[in-house]
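Since the structure comes first, as structure tokens, the remarks are kept for the end.
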There are 2 protein chains.
Amino acid sequence: MPSRQPKRKDAIQTRTALLAAATESFARSGYEATNVRQVCARAGASLGAVRHYFGSKEALYREVLVLAHQELVDRQPVPQILPEDDPCDALQQWVCYLLRIFLIRRASHPYAGRLIAWELRDPTPALDQLIAKVLGPVRRALDQIVAELLGEADEPKLRAQCANFVHGICVFHDQNRELLQRFGHPVPSSEKDIVALADTITEFALAGIERFRISHNTKRSGKLNNG
Amino acid sequence: MPSRQPKRKDAIQTRTALLAAATESFARSGYEATNVRQVCARAGASLGAVRHYFGSKEALYREVLVLAHQELVDRQPVPQILPEDDPCDALQQWVCYLLRIFLIRRASHPYAGRLIAWELRDPTPALDQLIAKVLGPVRRALDQIVAELLGEADEPKLRAQCANFVHGICVFHDQNRELLQRFGHPVPSSEKDIVALADTITEFALAGIERFRISHNTKRSGKLNNG
DNA sequence: CATTAAATAATACAAATGTTTGACTTTTTC
DNA sequence: GAAAAAGTCAAACATTTGTATTATTTAATG
């Protein structure tokens, strides 16, 4: 018995290796397409280990999701808008934040963005928890920024719609990679390109939102802006 | 033998029934989640029939896709922009067109929209064909409209980005139903609501695109608009 | 050192599912 | 009307894959 792994000593290491391999696989291929046997193989563990430490594939997935979320929230806090902040800057920050989460493809990048993307594509029971902990706060931050930008024109439905538009533009670049690729517009993945895209999106969105503010004013006090 | 189906006479009917059941299932559940046995059951046919007429599940899927596309293109031609058209109206038409394809949920509505949505989500080898026949022309129409709207500011990259933004806003409402639902913003599905959403999107996008035209002008000829 | 519990690995189990086979029936064709 | 082709169906096959079982090994504990 030349290469026999120590047992009790590196137990935590086996668990950790399983989590790492599972995270990578779930992030890359999603829940359904992830194969427990492959995860075990890459972790150097056996099926019994998964059962022992987590109980089932779904439990393993939940564990992966929770850990990735924690890491994400710790490393990249949601940009909050402060009363003294310029809402235009805030919007740029928000767009940049979302694009980074979903678009950056460095190996060192946390897997939470990819896991969330899968969860949005194929919701599992874990989606609600995800919304409560991550997506909800992120979205509320956007709603607040949009409300600020709309000013007097702010109103629940319009605010939600504008936020949807910004939100939609951002996630489109992640959710439609294949399409964009084939249209000859590959999705940026480097920090620099992402910031540039964020700037363009922000400019576009600011103009769009402003339009509603203006049309609101003209409605209330006559055609102030059109001569 | 009380209820024995006629054979050769209604052969086409068996094939048709299979196609109908398969179309419904692929549109509702996607390729992977569609069960050939269930399709056969609902079509009143057996597994052998699928093998006989199509050869395999994948071949059946391709057949479904082709037929749905043909129907879509026949029934709802892509809105083309003419030289004398107002590009603002054209944009509204385009947005409305895309929203209708993806959002309308009437039983009578053709299945192509749902099938395309699945194909975008989980690309199969059929995606290329789909792009060539349907998505490509649709997108090129948008590019043309955007180019028109950008005027002198038109330039390949900016044009593609603006088109992406419009495109993204539209498909977001389809691809993120679950999320929007839980955020309290259910996606419209009636003709009336869809048109209203299209109007809002159009107004938003027009302002965004116009911003780039303006900033282009100011770059070329000084700050004409700011004082 | 013996007992116990944790840890691991090999194997078996069960269900889902696309595919294939072979027999049987109906229709066409000469 | 007999042979051939087309159509249909039930059952079998093969694979994948999550889960469960069992035995074995290791480490802690008294």
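With distances taken from any side-chain atom of B:Tyr53 to the nucleotides D:dT17, C:dT8, D:dT8, the minimum falls on D:dT8. When distances run from any side-chain atom of B:Ala45 to the nucleotides D:dC9, D:dT8, C:dG18, the shortest one goes to D:dC9. When distances run from any side-chain atom of A:His52 to the nucleotides D:dG18, C:dT8, D:dG7, the shortest one goes to C:dT8. Of the candidates C:dA7, D:dT19, C:dT20, D:dT19 carries the atom nearest the A:Arg51 side chain, counting heavy atoms from C-beta on. Side chain of B:Arg37, nearest nucleotide from D:dA11, D:dC9, C:dG18: C:dG18. The listed nucleotides are C:dT19, C:dA9, C:dT11; the one nearest the side chain of A:Ser46 is C:dA9.
Panel note: side chain B:His185, backbone B:Gln181; no donor-acceptor pair is recorded below 3.5 Å.
A:Tyr97 and A:Gln92 share no side-chain donor-acceptor pair at under 3.5 Å.
Look at CG on A:Leu18: it is 12 Å from P on C:dA7, rounded to the nearest Å. Atom P of nucleotide D:dT16 and atom CG of A:Leu47 are separated by 15 Å, given to the nearest angstrom. Rounded to whole angstrom, the span from the CZ atom of B:Arg15 across to the C1' atom of D:dT8 amounts to 16 Å. For the pair A:Ile12 CD1 and C:dA6 P, the computed distance is 14 Å after rounding to whole Å. Per the geometry, OH belonging to B:Tyr61 stands 15 Å off P belonging to C:dT19, to the nearest Å.
Between A:Asp174 and A:Ala117, the shortest heavy-atom distance links the atoms OD2-CB, 3.5 Å.
Side-chain contact between A:Ser25 and A:Gln38: absent, with no pair of heavy atoms (C-beta onward) separated by less than 4.5 Å.
The phosphate of C:dT8 (OP1 or OP2) has a side-chain N or O of A:Thr14 nearer than 4.0 angstrom.
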